[in-house]
Amino acid sequence: MTGKTADGFGSFDPKSVDPYIVKDPEAFAVNLARTVEQLGKAASAWLAPRESGEKTDTMAEPVVDMVKTLSKVSEYWLSDPRRTLEAQTYLLGSYFSIWSRTLQKMGGETVAEPDDIPRNDKRFSDEDWVKNPFFDFLRQAYFVTSSWADKMVRDAEGLDEHTRHKATFYVKQISSALSPANFVTTNPQLYRETVASSGANLVKGMQMLAEDLVAGKGDLRLRQTDTSKFAVGENIAITPGKVVAQSDVCQIIQYDAATETVLKRPLLICPPWINKFYVLDLNPQKSFIKWAVDQGQTVFVISWVNPDERHAAKDWESYAREGIGFALDSIKAATGEDDVNAIGYCVGGTLLAATLALHAQKGDQRIRSATLFTTQVDFTYAGDLKVFVDEEQIGQIEARMKETGYLDGSKMATAFNMLRASDLIWPYFVNNYLKGQDPMPFDLLYWNSDSTRMPAANHSFYLRNCYLENNLTKGAMMLAGKKISLNDVTIPIYNLAAKEDHIAPAKSVFVGSQFFGGDVTYVMAGSGHIAGVVNPPDKGKYQFWTGGKTEGTFEDWVAAAHETPGSWWPHWQAWIEGLDEGKRVPARKSGGTLNTLEEAPGSYVRARA
């Protein structure tokens, strides 16, 4: 008996189990043996650097923190028998309802989908997650259990805000990891593909796992894209330009003019050093740098060094002086101009804001306007990255950095991926190691995998002064021996947030806008931390919101804001041109009187972590 419910879900068809029956047991057994062999190679790749002492395993530290955090939640529910019974009854009652519906479906009845079960989760898009009673039971049990665990954290009383935040985050990570979509025997699509290929997919997958462990020197370097298809300076980061100056911490790139006249004020871009600058120059079609050049901007970019033990003592003052300050000196030498418009992206924007406050104290007025891309200066609402920041965890990070002089780039990459584990970790785990399929080439994911190290002094300063103590907006941050205040920054600010940003939440950027001493134009783009910024106008994607001053609450500002379809880039260009009344001069030769060092994108950006 088969049928359709009002929701379109059919009842169970016994013939639907045919694709799950192994047709060639001998071939399947051979491939399972080969899978175990490849798994052994993967284990050796993980063990070898640890046995030799080349790598010290630090996995225990986050696991211990997770156990300590979740034990505080458990303590609340287990300390009172009535609360324990309440929690158990709630979960068991939900399981009983699922079991009853499963029995009905196995009996040939049509059963409606429960209202509280998500229907648009792409992990469960295969139709057998609903049609097959076994997989349907697993799917519903997964959602019910995940929801129950989240409820246990939400309803636990007596937790401080940071502990509750960490507990919520850890429960989310555990739920993502334990999804039945991540295992061969509990994922219908994986099960069918494994049977159809007699396990050949698992052989290929374990071979890829071993390769990725070797590539990560004992750590898993999860491949999210086919990196063989990209090369920096060849088909990525190819906007023409010259490296015009170099310091211990950065190279300064000037891009070749593409128009007969250019805006009088040059444009300096200060990117994050946590990633590489070429996210703004992925290819000619979506390069912000090329687009700005095409609008008549004389664009300079700071390309940060990929640091090693020699840079251990380079702190924020070093990056402000040898990065931003050095860039301003280089722009003066290359163009003869004192006045500059500046852009800071993410932590590069945070450094720029702090540097502006320092410049204000010193009377340095070379930067005449600042644009901040998804930048936090206030960290009250800093999102899930705050999970990794407390005194104990920072102490552990500092101890590791003391041994090498830097934080390995893979650590930050993993933290960022964990913010969206269901999108950035587990789909690739399934595709690579269980399906045995090579990922598709994608320039943005290539950039995402091109991680950088962080100097010990710099990273420690950032974690403590920003995430832990929020000193910048408190007026308590010390830079170059001076206590700095954002209220001293009175130049015009264009503050861009992204609506779905997990790293610099739009609300956090909004709140930070209120601490500057001058006019702030707050703009919220659609999408997230990268796509919200890298959104060329000709793509016609997303939208942006503009509104009044950053007063009152973020929610009220959003409710009253005006939505404009498409990219915010032209809106920003008009803002820039309005600052200096659009004054233009003849196009400049890259480097001016300076001796250029090499072609863009330079050598610093090519160094791999």
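All heavy atoms count here, side chains included; hydrogens, waters and symmetry mates do not.
- Within a 6.0 Å sphere centred on CE of Met440, other residues, nucleotides and ligands contribute 12 heavy atoms or fewer.
- Side-chain contact check for Asn432 and Gln437: no donor-acceptor pair (N or O, by modelled atom type) lies under 3.5 Å.
- Considering SG of Cys466 and NZ of Lys386, their distance stands at 11.5 Å, rounded to 0.5 Å.
- Gln224 places no side-chain N or O within donor-acceptor distance of the main-chain N or O of Tyr428, the cut-off being under 3.5 Å.
- Remark: the backbone N or O of Phe461 is paired with a side-chain donor or acceptor of Asn465 at under 3.5 angstrom.
- Rounded to the nearest 0.5 Å, atoms NE2 (His359) and CG (Asp364) are 4.5 Å apart.
- Within 6.0 Å of the NZ atom in Lys499, the count of heavy atoms belonging to other residues, nucleotides or ligands does not exceed 12.
- Side-chain N or O atoms of Arg50 include one that pairs as donor or acceptor with a backbone N or O of Gly218 at under 3.5 Å.
- Between the side chains of Glu322 and Ser247, no donor-acceptor pair of N or O atoms lies under 3.5 Å.
- In this structure, Asp519 places its CG atom where only 12 or fewer heavy-atom neighbours from other residues, nucleotides or ligands lie under 6.0 Å away.
- The aromatic rings of Tyr462 and Trp316 lie parallel to each other, their planes meeting at an angle below 30°, with 60° marking the opposite boundary.
- At most 12 non-hydrogen atoms from other residues, nucleotides or ligands lie less than 6.0 angstrom from CZ of Arg310.
- Although no hydrogens or angles enter the test, the distance criterion places a donor-acceptor pair under 3.5 Å between the side chain of His502 and the main chain of Glu500.
- Between the side chains of Ser460 and Glu398, at least one donor N or O lies within less than 3.5 Å of an accepting N or O.
- Under the 4.0 Å criterion applied to side-chain N and carboxylate O atoms, Asp338 and Arg368 are not assigned as salt-bridge partners.
- Side-chain contact of Trp273 with Thr452: a donor-acceptor pair under 3.5 Å is absent, judged by distance alone.
- With Arg606 contributing its side chain and Val232 its backbone, the two residues share a donor-acceptor pair below 3.5 Å.
- Annotation: side chain of Met454 is not in contact with side chain of Val347 (no heavy-atom distance under 4.5 Å).
- Of all heavy-atom pairs between Ala42 and Leu213, the closest is O-CD1, 3.2 Å.
- Donor-acceptor pairing under 3.5 Å is recorded for the side chains of Asn495 and Ser513.
- Cys250 and Trp304 make their closest contact through CB-CE3, 3.9 Å (heavy atoms, listed as atom of the first residue, atom of the second, distance).
- Using a 4.0 Å cut-off between charged nitrogen and carboxylate oxygen, Arg453 and Asp308 do not count as a salt-bridge pair.
- Screening Phe277, Trp572, Trp568 for a ring-ring contact (aromatic ring centres under 6.0 Å, His included) with Phe373, the sole residue that qualifies is Trp568.
- Under 3.5 Å, the side chains of Gln254 and Thr298 contain no donor-acceptor pair of N or O atoms.
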Under the criterion salt bridge (Lys or Arg N to Asp or Glu O under 4.0 Å), I'd like the reasoning laid out for Lys482 against Glu317: C-alpha separation, chi angles, the key distance, then a yes or no. CA-CA 11 Å; Lys482 296 182 180 295; Glu317 180 184 346; over 6 Å; no

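- Inspection of the Asp212 and Tyr433 side chains reveals an N or O donor paired with an N or O acceptor under 3.5 Å.
- Between atom OG of residue Ser508 and atom CD of residue Gln376 there is a gap of 3.5 Å, rounded to the nearest 0.5 Å.
- No more than 12 heavy atoms of other residues, nucleotides or ligands shown are found within 6.0 angstrom of OH on Tyr381.
- Here Lys332 does not pair with Glu337 in a salt bridge; the nearest charged N to carboxylate O distance is not below 4.0 Å.
- At least one donor-acceptor pair under 3.5 Å links the side chain of Ser567 to the backbone N or O of Asn535.
- Shortest non-hydrogen contact noted between Gly344 and Leu352 is N-CD2, 3.6 Å.
- Asp450 and Tyr278 share a donor-acceptor pair across their side chains, judged by distance under 3.5 Å alone.
- Judged purely by distance below 3.5 Å, without hydrogens or angles, the side chains of Asn470 and Asp378 pair a donor atom with an acceptor atom.
- Rounding to the nearest 0.5 Å gives a distance of 7.5 Å between CG of Asp219 and CG of Asp408.
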Test log, rule side-chain contact (heavy atoms from CB on, under 4.5 Å), inputs Leu209 and Trp46: CA-CA 10 Å; Leu209 176 63; Trp46 185 85; over 6 Å; no

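- You'll find the ring centres of Phe230 and Phe442 outside the 6.0 Å limit.
- A donor-acceptor contact closer than 3.5 angstrom links the side chains of Asp315 and Ser318.
- A heavy-atom distance below 4.5 Å is not found between the side chains of Leu263 and Asp580.
- Residue Glu577 forms a salt bridge (Lys or Arg N to Asp or Glu O under 4.0 Å) with just one option from Lys264, Lys583, Arg584, and that option is Arg584.
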I would like to know whether Glu211 and Lys41 meet salt bridge (Lys or Arg N to Asp or Glu O under 4.0 Å); could you show each step before the answer? CA-CA 9 Å; Glu211 292 170 355; Lys41 293 180 180 179; over 6 Å; no

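- One side chain, Ser422 or Ser176, offers a donor N or O that lies under 3.5 Å from an acceptor on the other.
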Verdict with reasoning, Asp443 to Asn283, per side-chain hydrogen bond (donor to acceptor under 3.5 Å, both in side chains): CA-CA 8 Å; Asp443 52 11; Asn283 63 50; 2.8 Å; yes

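- No donor-acceptor contact under 3.5 angstrom links the side chains of Gln573 and Gln295, judged on distance only.
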Assess whether salt bridge (Lys or Arg N to Asp or Glu O under 4.0 Å) is satisfied between Asp256 and Lys242, documenting all intermediate values. CA-CA 8 Å; Asp256 298 340; Lys242 305 287 190 298; 3.7 Å; yes

Test salt bridge (Lys or Arg N to Asp or Glu O under 4.0 Å) applied to Asp226 and Lys229, step by step: CA-CA 6 Å; Asp226 183 354; Lys229 296 296 190 292; 2.9 Å; yes

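- With Ile324 as the partner, the side chain to side chain contact (heavy atoms under 4.5 Å, CB included) test is satisfied by one option alone out of Thr355, Leu358, Leu356: Thr355.
- For Ser287 (side chain) and Leu280 (main-chain N/O), a donor-acceptor pair under 3.5 Å exists by modelled atom type.
- In terms of modelled atom types and a separation under 3.5 Å, the side chain of Ser449 and the main chain of Tyr446 share a donor-acceptor contact.
- One distance of note links CG of Leu463 with CG of Asn458; it measures 9.5 Å at 0.5 Å rounding.
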Stepwise side-chain contact (heavy atoms from CB on, under 4.5 Å) check, His529 with Tyr345: CA-CA 10 Å; His529 193 70; Tyr345 194 167; 4.2 Å; yes

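- Residues Tyr494 and His571 bring a donor and an acceptor atom of their side chains to less than 3.5 Å of each other.
- With Asn306 contributing its side chain and Ala607 its backbone, the two residues share a donor-acceptor pair below 3.5 Å.
- Here Leu328 contributes atom CG and Phe300 contributes atom CZ; the two are 10.5 Å apart, rounded to the nearest 0.5 Å.
- Between Phe288 and Trp569, the angle of the ring planes goes over 60°, which puts this pair in the perpendicular group of the 30/60° scheme.
- Side-chain contact, Glu598 with Ser603: a donor N or O sits under 3.5 Å from an acceptor N or O.
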